[in-house]
Amino acid sequence: MSQTSNDQTPGSLTFAAMLMILAGTFHLVQGLVALVNDDFYVTGQEYIFRFDLTTWGWIHLLAGVAVVLVGIGLVRGADWAEVPTVILAGVSVLASFLWMPYYPIWSLTVIAFDVFVIWALVSHGRVLAQV
């Protein structure tokens, strides 16, 4: 992550990193609930992207671990974490969109977090230079 002249991380990037960790934690919780209690999530209508809840549980669990780890790297100021953060935030948006029939408010919250993370990093400018 680029540093400002007084050697501090810009506030929007720190906030984005914390949102990334929070979104990853949400994925972890969703995954654990889906694995432990199949009856917790209920859908109304048939959904084209409907998977077994155990499959969704593993998807969210693995995505959550990856998102939290990259978010921690971003908080610590690792330059390598910027591009994977944008990529994982995009994957998180997709997973949350596909998960929407099971838990819509939670999904929309995670999508909003991820969109802000992508905006904060891409508007910062260095992410585009690294690609």
Side-chain angles (χ1 to χ4, degrees):
M1 196 174 333
S2 73
Q3 302 295 316
T4 58
S5 61
N6 61 0
D7 212 24
Q8 292 183 1
T9 304
S12 62
L13 292 182
T14 302
F15 185 62
M18 296 309 295
L19 283 181
M20 188 75 170
I21 293 170
L22 190 57
T25 304
F26 284 172
H27 281 296
L28 286 169
V29 171
Q30 288 173 338
L32 288 174
V33 170
L35 290 173
V36 172
N37 185 3
D38 283 354
D39 299 326
F40 183 79
Y41 297 112
V42 179
T43 64
Q45 298 180 0
E46 204 58 33
Y47 187 53
I48 194 166
F49 299 112
R50 187 172 182 180
F51 296 122
D52 177 59
L53 280 178
T54 303
T55 304
W56 273 119
W58 283 109
I59 289 169
H60 281 291
L61 197 64
L62 295 174
V65 168
V67 169
V68 167
L69 290 176
V70 172
I72 290 170
L74 195 61
V75 165
R76 300 183 96 199
D79 286 334
W80 62 263
E82 291 181 2
V83 172
T85 296
V86 172
I87 292 169
L88 283 175
V91 169
S92 177
V93 167
L94 180 62
S96 294
F97 175 76
L98 296 176
W99 180 252
M100 202 171 297
Y102 296 96
Y103 221 70
I105 301 299
W106 193 293
S107 294
L108 289 172
T109 302
V110 172
I111 288 170
F113 287 1
D114 291 330
V115 167
F116 177 80
V117 167
I118 293 169
W119 171 82
L121 285 164
V122 172
S123 68
H124 185 253
R126 284 200 40 164
V127 173
L128 296 175
Q130 291 178 9
V131 177

Open item on the list: Heavy-atom count check: over 12 atoms from other residues, nucleotides or ligands less than 6.0 Å from W58 CH2?
Closed with: no
Task: Between CD1 on residue I21 and CZ on residue F113, distance to nearest 0.5 Å - done: 12.5 Å
Task: Under 3.5 Å: donor-acceptor pair, side chain of S107, backbone of F97 - done: no
Task: Approximate separation, where rounding is to 0.5 Å, of I87 CD1 and E82 CD - done: 12.0 Å
Task: Minimum-distance pair of heavy atoms, taken over all atoms of V110 and S96 - done: CG1-OG, 3.3 Å
Open item on the list: If hydrophobic clusters are built by linking Ile, Leu, Val, Met, Phe, Trp and Tyr wherever their side-chain heavy atoms come under 4.5 Å apart, do V68 and V65 end up in the same one?
Closed with: yes
Task: Any side-chain heavy-atom pair of T54 and L35 under 4.5 Å - done: yes
Task: Distance, nearest 0.5 Å, that separates CH2 of W80 from OG1 of T85 - done: 7.0 Å
Open item on the list: Please check this pair: side chain of S92 against backbone of L88, looking for a donor-acceptor N/O pair closer than 3.5 Å.
Closed with: no
- [ ] Look at the aromatic rings of H27 and H60 and report parallel, tilted or perpendicular, splitting at 30° and 60°.
- [x] parallel
- [ ] Kindly give the heavy-atom pair with the smallest separation between A120 and A16, and that separation in Å.
- [x] CB-CB, 3.7 Å
TODO: If the plane angle is over 60° it's perpendicular, under 30° parallel, otherwise tilted; pick one for Y103 and W106.
DONE: perpendicular
TODO: Would you give the length of the straight line joining atom CG of L121 to atom CG of L74, rounded to the nearest 0.5 angstrom?
DONE: 5.5 Å
TODO: State yes or no: do W119 and M20 share one hydrophobic cluster built from I, L, V, M, F, W and Y residues joined by side-chain heavy-atom distances below 4.5 Å, directly or via other members?
DONE: yes
Open item on the list: To the closest 0.5 Å, what do you measure between CG (D114) and CG (L94)?
Closed with: 11.0 Å
- [ ] Any chance you could lay out the side chain to side chain contact (heavy atoms under 4.5 Å, CB included) test for T14 and V75, step after step, and finish with the verdict?
- [x] CA-CA 6 Å; T14 302; V75 165; 5.8 Å; no
Task: Hydrophobic cluster identity match, V67 and F15, side-chain contacts under 4.5 Å - done: yes
Open item on the list: Grouping I, L, V, M, F, W and Y whenever their side-chain heavy atoms are under 4.5 Å apart, do M100 and V29 come out in a common cluster?
Closed with: yes
Open item on the list: Would a single hydrophobic cluster contain both I111 and V122, if residues Ile, Leu, Val, Met, Phe, Trp and Tyr are joined by side-chain heavy-atom contacts under 4.5 Å?
Closed with: yes
- [ ] Might you point out which heavy atoms bring G73 and A81 nearest each other, and give the distance in Å?
- [x] C-CB, 3.8 Å
Task: Interatomic distance, T25 atom OG1 to Q30 atom CD [nearest 0.5 angstrom] - done: 11.0 Å
Task: Heavy-atom pair of closest approach, residues I118 and A89 - done: CG1-CB, 3.6 Å
